Amino acid sequence: MRLEPKAKPIRIRIKLGENECSSLISLKNNFSVRELYPLFKDGRLERWLMQVGETKLANDVSSISKQCGDGSDVY
């Protein structure tokens with residue numbers, strides 16, 4: 001018997017306020033543009049959406065993030 005190493009997936013954490021979001025519903029309930037925008041721009045939000053099974057939404061986020069600026073006008 002030959003054992004093949006298998007890497008465990010890294011859990012991406014989205015923390016908004018005091019809450020760690022583990023589903024899209026919890027993300028919506030704790031939504032904060034100020035906290036979510038940096039995650040949106042650096043790709044963590046897209047990877048998190050893929051991890052929780054929201055592939056269509058992740059693809060939409062990816063295409064939109066390429067069209068956005070640096071976020072200086074959000075604050």
Side-chain angles (χ1 to χ4, degrees):
M1 179 167 112
R2 184 169 183 187
L3 298 176
E4 295 290 327
K6 184 176 180 182
K8 289 176 70 175
I10 295 173
R11 185 170 145 217
I12 301 168
R13 297 172 189 230
I14 298 283
K15 188 169 182 179
L16 300 175
E18 295 295 317
N19 302 312
E20 185 175 315
C21 302
S22 58
S23 69
L24 187 58
I25 293 171
S26 64
L27 182 84
K28 288 178 181 180
N29 290 338
N30 298 297
F31 187 80
S32 166
V33 171
R34 196 173 287 251
E35 294 179 62
L36 202 56
Y37 190 79
L39 306 175
F40 167 75
K41 281 306 292 174
D42 70 9
R44 281 184 281 172
L45 178 60
E46 176 189 352
R47 291 190 309 270
W48 181 81
L49 287 166
M50 290 290 253
Q51 192 175 60
V52 296
E54 296 289 338
T55 54
K56 183 185 179 322
L57 190 55
N59 292 333
D60 293 343
V61 165
S62 174
S63 64
I64 293 170
S65 69
K66 294 172 186 165
Q67 301 170 10
C68 292
D70 65 356
S72 59
D73 58 339
V74 173
Y75 300 105

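Sequence positions, counted from 1, serve as the residue numbers for this chain. Since we're looking at a predicted model, the values are computed, not measured.
Here the closest heavy-atom approach between residue Arg44 and residue Ile12 is recorded as O-CG2, 4.1 Å. Between Ser65 and Lys41, the shortest heavy-atom distance links the atoms O-NZ, 2.9 Å. In terms of heavy-atom proximity, Ser22 sits nearest to Val52 at O-CG1, 3.9 Å. Nearest heavy atom pair, residue Ser23 against residue Ser26, reads O-OG, 2.9 Å. Looking at every heavy atom in both residues, Gly17 comes nearest to Glu35 through N-OE1, 2.6 Å.
Although no hydrogens or angles enter the test, the distance criterion places no donor-acceptor pair under 3.5 Å between the side chain of Asn19 and the main chain of Cys21.
Note on Arg13 versus Glu20: salt bridge recorded, some NZ/NE/NH1/NH2 to OD/OE distance being below 4.0 Å. Ion pairing of Glu4 with Lys6 is absent here, as no side-chain N (NZ or NE/NH1/NH2) approaches a carboxylate O to less than 4.0 Å.
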- Working for side chain to side chain contact (heavy atoms under 4.5 Å, CB included), residues Trp48 and Leu39: CA-CA 10 Å; Trp48 181 81; Leu39 306 175; over 6 Å; no
- Task: Please assess Leu36 against Leu27 for the test side chain to side chain contact (heavy atoms under 4.5 Å, CB included), listing each intermediate value before the final yes or no.
- Result: CA-CA 9 Å; Leu36 202 56; Leu27 182 84; 4.0 Å; yes
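Side-chain contact check for Asn30 versus Ile14: every heavy-atom pair is 4.5 Å or farther apart.
Atom OG of Ser63 and atom CD of Glu46 lie 9.0 Å apart (nearest 0.5 Å). Rounding to the nearest 0.5 Å places OG of Ser62 at 11.5 Å from CG of Leu57. The CZ atom of Phe40 lies 10.5 Å from the CG atom of Leu49; values are rounded to the nearest 0.5 Å.
Hydrophobic clustering (ILVMFWY, side-chain heavy atoms < 4.5 Å, transitive): Met50 and Leu24 are in distinct clusters. A continuous path of hydrophobic side-chain contacts links Val33 to Leu16 [ILVMFWY only; heavy atoms under 4.5 Å].
The salt bridge (Lys or Arg N to Asp or Glu O under 4.0 Å) check on Lys56 picks up Asp60, with sequence neighbours excluded.
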